[in-house]
A.B. asks: 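For reference, the structure I am asking about is given below.
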Amino acid sequence: MLLAALALVAAACGDESSTDAAATGDEATEEMADGEVADEDMDEMAMADDDHGDGDHDHDHGDAIDVPEGMAVPQISVSATPDSESGHNLFVELTDFTIAPESASTDPVDGEGHLHLYVDGERIGRFYNTALHLDGLDAGEHTVMVEVSANNHSAYAIDGEPITAMTTITVEESDGGHDHGDGDLFESAAAPEISLEVTEDPKSGHNLFIDVGDFTFAPENVGGDNVDGEGHLHLYIDGEKQGRLYGPWTHLSLEPGTREIMVEVSANDHSVYGNGGEPVMAMTTIEVAKGDDHDHGDDHDHGDEAAMADGEEDQDEDKEEDKDEDGHSHDHGDGHSHHGGGEALDIAAADADVLIEGSFANGELSIEDRRYSVEEGQTVGIVFTSDEVEQVHLHGYDILRDVGPGEDVDFAFLADVPGTFEVEFETSGRFLFEVQVR
């Protein structure tokens with residue numbers, strides 16, 4: 001299970017804060033390039049799940065939305081301070097913009113949306129609050145970038161350049177940290193009340209809303225003295241702690257099956273609010289169907305500010321068959337058996353109205369764009385090659401084709417269902433590109 005995530009590494013005591021002003025355009029791009037690390041370094045951070053990556057591209061400007069006439073230009077800045085226990089706390093200053101998690105993955109509305117987090121050029125996920133805890137990065141210097149996103153996950157931009165802000169954090173060697181006070185109760189004079197609401201995200205995953213009454217989120221005071229009525233939250237999935245939440249909303253990507261979600265109300269020192277000797281918490285259970293929570297094309301989310309898990313569980317090599325969300329059988333026994341999947345047209349890809357060509361070789365993806373927009377009713381051809389044995393999966397239309405040395409993908413389909421559909425490597429989950437049918 002790879003849920004939660006925006007966690008980035010333990011900082012040594014006394015590490016200095018890093019701040020910067022809002023950055024856009026070429027300036028932001030240059031700053032990002034200075035802070036990039038190799039893809040293999042990011043892999044070591046266990047961001048494997050639906051972070052199936054923007055590949056080697058540090059930023060995809062293809063789906064940016066220029067700020068329309070009449071809309072105020074969002075102003076953003078970001079700063080980071082070492083956390084007293086581990087990692088860093090990231091704070092975003094944002095004006096002329098409304099964070100609207102309830103509208104995530106819907107049509108753009110001027111002046112509203114959410115935020116996207118990048119670390120060393122790799123998109124980590126979306127978040128809905130203006131503060132989050134970053135923990136789990138390797139030692140060294142890391143570039144953290146926050147991007148202003150529209151509801152549909154396109155970046156707001158000026159002259160095509162996304163509106164972003166950056167800061168740099170330095171992580172030193174550490175034996176890791178933990179939240180002192182966990183397990184202890186902080187008896188409150190007026191214990192907060194808490195309830196949970198989980199809804200399916202229109203694109204993928206689930207959005208969790210936590211309603212906490214008589215309570216103030218105080219990420220700026222985390223690790224400090226307890227103040228009755230303020231603090232943060234702790235998120236648990238299936239009994240395992242995922243991390244802290246500094247606001248009422250978070251996006252979750254969950255493994256298929258019955259998932260138990262629990263949230264505890266925490267005081268500043270990480271002890272749990274108590275009411276008559278019992279922790280103040282709320283719990284709910286949801287059923288996640290296979291494939292529902294993989295957020296490949298969006299932003300590789302693992303939850304908002306929760307801690308990063310070790311990665312998605314490997315597929316059972318001995319499992320002969322499983323079924324995807326549409327009930328189609330897939331033989332994963334040898335990792336490269338042929339599957340028909342959904343229906344393709346009986347024409348060559350080159351004869352389609354729109355042709356998409358790409359390749360994967362030596363660990364690098366080569367493709368002209370990461371999102372292709374087509375009109376409903378057009379035919380779309382996909383040609384893809386790979387030096388690794390894999391399967392190319394077009395979601396939504398459920399077309400699955402083998403690819404590898406000596407076996408290229410070449411098929412066409414009728415774009416008769418509107419929406420945005422991810423194309424990925426089925427076995428590894430690597431995100432390749434999206435097809436947007438309008």
Side-chain angles (χ1 to χ4, degrees), residues 1 3-7 10 81-92 99 101-102 127-136 176-199 206-252 254 259-286 302-309:
M1 175 170 37
L3 270 216
L6 302 176
T81 59
D83 184 75
S84 60
E85 302 298 336
S86 67
H88 288 72
N89 293 310
L90 190 71
F91 299 93
V92 178
I99 296 178
E102 67 281 0
F127 63 105
Y128 300 141
N129 306 310
T130 55
L132 56 106
H133 183 236
L134 309 177
D135 196 12
H178 61 279
D179 292 342
H180 297 296
D182 282 359
D184 298 333
L185 289 183
F186 172 61
E187 289 290 346
S188 172
E193 295 183 356
I194 179 173
S195 63
L196 307 180
E197 180 182 359
V198 182
T199 58
H206 288 76
N207 292 313
L208 170 63
F209 172 66
I210 305 135
D211 187 9
V212 191
D214 298 320
F215 183 78
T216 300
F217 287 95
E220 69 280 1
N221 294 332
V222 68
D225 294 336
N226 288 342
V227 176
D228 205 353
E230 73 173 36
H232 53 278
L233 305 175
H234 290 164
L235 172 67
Y236 293 78
I237 305 294
D238 297 331
E240 295 187 8
K241 186 176 180 181
Q242 305 300 316
R244 312 176 198 166
L245 301 177
Y246 290 156
W249 286 89
T250 189
H251 182 259
L252 303 175
L254 304 171
R259 302 274 75 91
E260 180 186 83
I261 301 169
M262 184 182 78
V263 178
E264 290 181 335
V265 183
S266 170
N268 292 334
D269 71 348
H270 308 294
S271 59
V272 179
Y273 271 88
N275 184 6
E278 296 295 326
V280 177
M281 47 80 71
M283 184 182 301
T284 189
T285 301
I286 65 171
H302 315 293
D304 199 19
E305 303 108 47
M308 180 166 23

A.B. asks: Counting only heavy atoms from other residues, nucleotides and ligands, does the tally under 6.0 Å from CD of Glu187 exceed 12?
C.D. replies: yes
A.B. asks: Test side-chain contact (heavy atoms from CB on, under 4.5 Å) on Leu252 and Leu235 and set out the steps.
C.D. replies: CA-CA 11 Å; Leu252 303 175; Leu235 172 67; 4.0 Å; yes
A.B. asks: Kindly assign one of parallel, tilted or perpendicular to the pair Phe217 and Phe215, based on the angle between their ring planes and the thresholds 30° and 60°.
C.D. replies: perpendicular
A.B. asks: Once rounded to the nearest 0.5 Å, what's the spacing between atom NE2 of His270 and atom CG of Asn226?
C.D. replies: 9.5 Å
A.B. asks: Nearest 0.5 Å, please: how far is CG in Asn268 from NE2 in His232?
C.D. replies: 7.5 Å
A.B. asks: Is the Tyr273 ring parallel, tilted or perpendicular to the Phe186 ring (thresholds 30°, 60°)?
C.D. replies: perpendicular
A.B. asks: Write down the atom of Val222, the atom of Arg244, and the distance for their closest heavy-atom approach.
C.D. replies: CG2-NH1, 3.6 Å
A.B. asks: How many angstroms lie between NE2 in His206 and CD1 in Ile286, if you round to the nearest 0.5 Å?
C.D. replies: 4.0 Å
A.B. asks: Quick one: pull up CD in Glu240 and CD in Glu260 and give me the separation to the nearest 0.5 Å.
C.D. replies: 11.5 Å
A.B. asks: I need the minimum non-hydrogen distance between His133 and Asn89, along with the two atoms involved.
C.D. replies: CD2-OD1, 3.3 Å
A.B. asks: Take Val265 and Val272 through the test side-chain contact (heavy atoms from CB on, under 4.5 Å) and record every step on the way to the result.
C.D. replies: CA-CA 6 Å; Val265 183; Val272 179; 5.8 Å; no
A.B. asks: Classify the side-chain pair Asn207/Thr199 by whether it contains a donor and acceptor separated by less than 3.5 Å.
C.D. replies: no
A.B. asks: Mind checking the CG-CG spacing from Leu90 to Leu134? Nearest 0.5 Å is all I need.
C.D. replies: 5.0 Å
A.B. asks: For Glu278 and Leu185, which heavy atoms make the closest approach, and how far apart are they?
C.D. replies: N-CD1, 4.2 Å
A.B. asks: Flag the pair Pro101 / Phe209 as yes when at least one side-chain heavy-atom distance between them is below 4.5 Å, and no otherwise.
C.D. replies: no
A.B. asks: Run the side-chain contact (heavy atoms from CB on, under 4.5 Å) test on Asp269 and Asp184 for me, step by step, so that the C-alpha distance in whole Å, both residues' side-chain angles and the decisive distance to 0.1 Å come before the verdict.
C.D. replies: CA-CA 10 Å; Asp269 71 348; Asp184 298 333; over 6 Å; no
A.B. asks: I'd like to know whether Asn221 forms a side-chain contact (heavy atoms from CB on, under 4.5 Å) with Val227, so could you lay out the CA-CA distance, the side-chain angles of the two residues, the decisive distance to 0.1 Å, and finally the verdict.
C.D. replies: CA-CA 9 Å; Asn221 294 332; Val227 176; 5.5 Å; no
A.B. asks: Looking only at heavy atoms, what is the nearest atom pair of Ile261 and Leu196, with distance?
C.D. replies: O-CD1, 3.8 Å
A.B. asks: Search all heavy atoms of Ser195 against all heavy atoms of Ala282 and return the closest pair with its distance.
C.D. replies: CA-CB, 4.2 Å
A.B. asks: So, Ser266 side chain and Ser271 main chain: donor-acceptor pair closer than 3.5 Å or not?
C.D. replies: yes
A.B. asks: Please confirm whether the backbone N or O of Arg259 pairs with a side-chain atom of Asp238, one donor and one acceptor, at under 3.5 Å?
C.D. replies: no
A.B. asks: Testing the basics here: between Pro192 and Val280, what is the closest heavy-atom pair and its distance to 0.1 Å?
C.D. replies: O-CG1, 3.1 Å
A.B. asks: Taking atom CD of Glu264 and atom NZ of Lys241, what is their separation to the nearest 0.5 Å?
C.D. replies: 8.0 Å
A.B. asks: Say whether, by atom type as modelled, one donor and one acceptor occur between the side chain of Asn129 and the main chain of Ala131 under 3.5 angstrom.
C.D. replies: no
